[in-house]
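Heads up: the structure comes next, in structure tokens.
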Amino acid sequence: QIQLVQSGPELKKPGESVKISCKASGYTFTDYAMHWVKQAPGKGLKWMGWINTYTGKPTYADDFKGRFVFSLEASASTANLQISNLKNEDTATYFCARTTEGIVADYFDYWGQGVMVTVSS
Amino acid sequence: DIQMTQSPASLSASLGETVTIQCQASEDIYSGLAWYQQKPGKSPQLLIYGASSLQDGVPSRFSGSGSGTQYSLKISSMQTEDEGVYFCQQGLKYPFTFGSGTKLEIK
């Protein structure tokens with residue numbers, strides 16, 4: 001069955017970096033784009049961007065340009081999110097999510113379990 | 001960016017009651033809308049895509065409708081397991097955007 005399994009929770013200090021992984025199984029990794037979604041505690045969902053799993057090209061939402069990097073280990077069917085120079089406002093759960101292409105739009109049909117990143121001094 | 005305005009913010013319903021949640025887009029999204037359910041501590045689950053298509057495995061009491069800028073999610077006959085937060089999402093244009101969520105509880 002299709003699964004996206006993410007790495008474990010992280011506790012970091014401001015200014016540090018963190019790398020989160022998302023390992024896909026049960027389908028051909030390069031056939032579907034991988035997206036990243038942020039959810040701050042008690043808040044809604046915010047789309048961060050996506051990575052083309054075939055070419056490796058990342059696309060970032062405006063609020064996530066600069067300190068955020070999407071990457072792949074395609075041979076391991078894994079997508080990664082790295083956040084540098086962490087700030088308190090980066091405290092959130094980060095989800096990876098696969099998109100399926102609809103007739104006119106794309107939708108998130110499978111999600112990872114989420115990684116809680118806590119930034120605190 | 002396309003803004004998604006979701007209402008109500010919270011809702012309580014009795015078992016067996018019909019529930020409706022609304023989502024309005026700031027521009028025509030041509031039915032490029034999905035609905036998700038999220039339970040505490042879990043990831044969102046896709047319920048409806050293309051405004052009205054039921055995702056595999058989702059109970060038939062869930063249905064979606066709408067067009068243009070106005071969309072709705074209906075749960076006919078509320079069940080205990082339907083408690084959670086519901087989000088709409090437009091997948092037509094980047095950046096993809098979500099509604100602010102509707103918290104649904106049993107009365």
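Just so it is clear: chains get the letters A, B, ... in the order the sequence lines come, proteins before strands, and each one is counted from 1. All figures in this text were calculated on a predicted structure; none of them were measured in a lab.
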More than 12 foreign heavy atoms under 6.0 Å from [atom1] of [X]: is that the case here?
| X | atom1 | result |
| --- | --- | --- |
| B:Lys39 | NZ | yes |
| A:Glu101 | CD | no |
| B:Gln3 | CD | no |
| A:Lys46 | NZ | no |
| B:Tyr94 | OH | yes |
| A:Lys87 | NZ | yes |

- Query: Between B:Ser53, B:Pro95, B:Gly101, which has the largest tally of heavy atom pairs under 4.5 Å with chain A?
  - Reply: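 Most heavy-atom pairs within the cutoff with chain A belong to B:Pro95.
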
Going hydrophobic residue to hydrophobic residue with side-chain gaps under 4.5 angstrom, can you get from [X] over to [Y]?
| X | Y | value |
| --- | --- | --- |
| B:Phe62 | B:Tyr49 | no |
| B:Val19 | B:Leu15 | yes |
| A:Met116 | A:Leu86 | no |

- Does any heavy atom of chain A fall under 4.5 Å from the side chain of B:Ser31, the backbone, both, or neither of them?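 Looking at B:Ser31, just its backbone touches chain A.
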
Where do [X] and [Y] come nearest, in terms of heavy atoms and distance?
| X | Y | answer |
| --- | --- | --- |
| B:Gln89 | A:Asp106 | NE2-O, 3.4 Å |
| A:Val104 | B:Tyr30 | CG2-O, 3.4 Å |
| B:Gly32 | A:Ala105 | CA-CB, 3.6 Å |
| A:Phe95 | B:Gln38 | CZ-NE2, 3.8 Å |
| B:Phe87 | A:Gly44 | CE2-CA, 3.8 Å |

- Name the orientation class of the two ring planes belonging to A:Trp47 and B:Phe96 (parallel below 30°, tilted from 30 to 60°, perpendicular beyond 60°).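 The rings of A:Trp47 and B:Phe96 sit tilted, inter-plane angle from 30° to 60°.
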
- Query: Which bit of A:Leu45 comes within less than 4.5 Å of chain B, counting heavy atoms only: side chain, backbone, both or neither?
  - Reply: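 Both parts, backbone and side chain.
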
- Item | Proximity breakdown for A:Phe108 and chain B, heavy-atom pairs closer than 4.5 Å |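 Both backbone and side chain.
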
- Task: For the pair A:Tyr107 (side chain) and B:Gly50 (backbone), establish whether a donor and an acceptor sit closer than 3.5 Å, ignoring hydrogens and angles.
- Result: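 Yes: the side chain of A:Tyr107 pairs with the backbone of B:Gly50.
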
- Message: With rounding to the nearest 0.5 angstrom, report the CD to CG distance, B:Gln45 to A:Asp109.
- Response: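 Rounded to the nearest 0.5 Å, the CD-CG separation comes out at 10.5 Å.
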
- Rounded distance (nearest 0.5 Å) linking atom CG of B:Leu46 with atom CH2 of A:Trp111: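 It is 9.5 Å, given to the nearest 0.5 Å.
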
